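Not measured: the values here are computed from a predicted model. Excluded from the calculations below are hydrogen atoms, water molecules and symmetry mates; all remaining heavy atoms, backbone and side chain alike, are included.
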Amino acid sequence: MKHLKLAIGLALLATAYATQFTVAVATRKSEPARFTVRVENISRADGMTASNGEKFPFALSPGMFVLSEKNAPFFTEAKPARKNGLEMQAEDGDPSGLVSSLETMHHSSNLHGVFNTPVGAMAAGPIRPGDSYEFTLTAVPGMKLFMAQMFGQSNDWFYAPSPNGIALFDDKGKPVSGDITDQLYLWDAGTEKDEEIGIGPNQGPRQKGTNTGEAENGVVHRVKDARYAGRNAEYFRVTITPEGGM
């Protein structure tokens, strides 16, 4: 009987320890982490050349970010762009429409934001060669990062992650750190007909006003033009650093 009582006691002790360990791990994994995201334009000032020989710089527009546990919160691949401000972001580099759409849905203001002022600048604007944006966010394990910026010399191209987003934590709940440039892709919003990159009259730097190009009535899809798609590392760098540099 004594042996039985001892065995039962040890079993109960082991169960209690395991429960405490599980709770501790679960609690640790749910702890939020603060991240700094840096977007740098590392291209050359004359890094792009149009068919007429004219050289022009690569530029990225102001953008926005969203934290979500779900996939693709602001567009669906192979579907028309939603009436949620994506057209404004992709055609004019203006993230305010996407943010307003999130606010209308009562999306927590802690889970989305705008980055629009280059580091060291006094006013909002695009980042040209040598410029950068920085923004901070706080997330818990399970959340993924989504962000969008216009390819400045296009009609309606934008950079964003895949519909799966960018994981902010690894499988053990540890915050990720490092270069995430290759997790962004060049997308065509399908809202405005494409003109030759860098010289089109309805592209950001040359258009007379916002939303002035000819409507395309297409769908959101990945850009396949090898002159621009898949060449992130030549144009920009995006890094993410958790607080404390873990």
Gap separating the CE atom of M147 from the CD1 atom of I180, nearest 0.5 angstrom: 6.5 Å
Of all heavy-atom pairs between E192 and N202, which one has the smallest distance, and what is that distance? OE2-O, 3.3 Å
For S101 and G97, indicate whether the former's side chain and the latter's backbone hold a donor-acceptor pair under 3.5 Å. no
Minimal non-hydrogen separation, A90 against A189, with atom names: CB-CB, 3.6 Å
Take L184 and F236, measure what side chain to side chain contact (heavy atoms under 4.5 Å, CB included) needs, and give me the verdict at the end. CA-CA 10 Å; L184 294 166; F236 63 91; 3.9 Å; yes
With E195 via salt bridge (charged side-chain N to carboxylate O under 4.0 Å, His left out) - residues at least two apart: none
Whether N84 side chain and F74 backbone form a donor-acceptor pair below 3.5 Å: yes
Hey, any chance I166 and V238 share a hydrophobic cluster, counting ILVMFWY side chains that come within less than 4.5 Å of each other, even indirectly? yes
Would you indicate whether the side-chain heavy atoms of T76 and R82 approach each other to under 4.5 Å? yes
Starting from V99, can I reach F65 by hopping between I/L/V/M/F/W/Y residues whose side chains sit under 4.5 Å apart? no
Output the distance between atom CG (L186) and atom NE2 (H221), rounded to the nearest 0.5 Å. 9.5 Å
Using every non-hydrogen atom in the two residues, find where L137 and L168 come nearest and quote the distance to one decimal. CD1-CD1, 4.2 Å
Side-chain contact, heavy-atom cut-off 4.5 Å: L145 with F35? no
With D188 as partner, the option from D194, V220, V219 fulfilling side-chain contact (heavy atoms from CB on, under 4.5 Å) is D194
Measure the spacing between OG1 of T241 and CD of E243 and express it to the nearest 0.5 Å. 11.5 Å
Can you tell me if CZ on R231 sees more than 12 non-hydrogen neighbours from other groups inside 6.0 Å? yes
If we ignore hydrogens and angles and just use 3.5 Å, is the side chain of E77 paired with the main-chain N or O of P163 as donor and acceptor? no
Separation of D131 CG from S43 OG (nearest 0.5 Å): 9.5 Å
Member of Y185, W187, F146 meeting the ring pair (Phe, Tyr, Trp, His ring centres under 6.0 Å) criterion with F75: W187
So with a 6.0 Å cut-off around CE of M105, is the heavy-atom count from everything else above 12? yes
Atom pairs and distances, side-chain donor-acceptor, residues 53-64, under 3.5 Å, sequence neighbours left out:
unit_1, atom_1, unit_2, atom_2, d
K55, NZ, T49, OG1, 3.1
S61, OG, Q89, NE2, 3.3
S61, OG, M150, N, 2.8

Give, for atom CD1 of I42 and atom CD1 of I127, the distance between the pair rounded to the nearest 0.5 Å. 10.5 Å
Can you confirm whether or not the ring centre of Y159 sits under 6.0 Å from the ring centre of Y235? no
Is the side chain of Q203 donor-acceptor paired with the backbone N or O of G200 at a distance under 3.5 Å, no angle test? yes
F169 and G142 have their tightest heavy-atom pair at CD1-N, 4.3 Å
What do the steps show when you test F115 against V37 for side chain to side chain contact (heavy atoms under 4.5 Å, CB included), and what is the final call? CA-CA 10 Å; F115 50 97; V37 180; over 6 Å; no
Lys/Arg N to Asp/Glu carboxylate O, D225 vs R227, below 4.0 Å: yes
Would you find more than 12 non-hydrogen atoms of other residues, nucleotides or ligands less than 6.0 Å from R38 atom CZ? yes
Any side chain to side chain donor-acceptor pair (under 3.5 Å) involving residues 136-153? Give me the pairs, sequence neighbours left out, ordered by first then second residue. R34-T136, N71-K144, Q153-R206
What are the two closest heavy atoms between D156 and T191, and how far apart are they? OD2-N, 2.9 Å
Are side-chain heavy atoms of L98 and L86 found at a separation under 4.5 Å? yes
Can you name the closest pair of heavy atoms from P129 and N41 and give their distance? N-ND2, 3.3 Å
N/O donor-acceptor pair under 3.5 Å between T239 side chain and G178 backbone: no
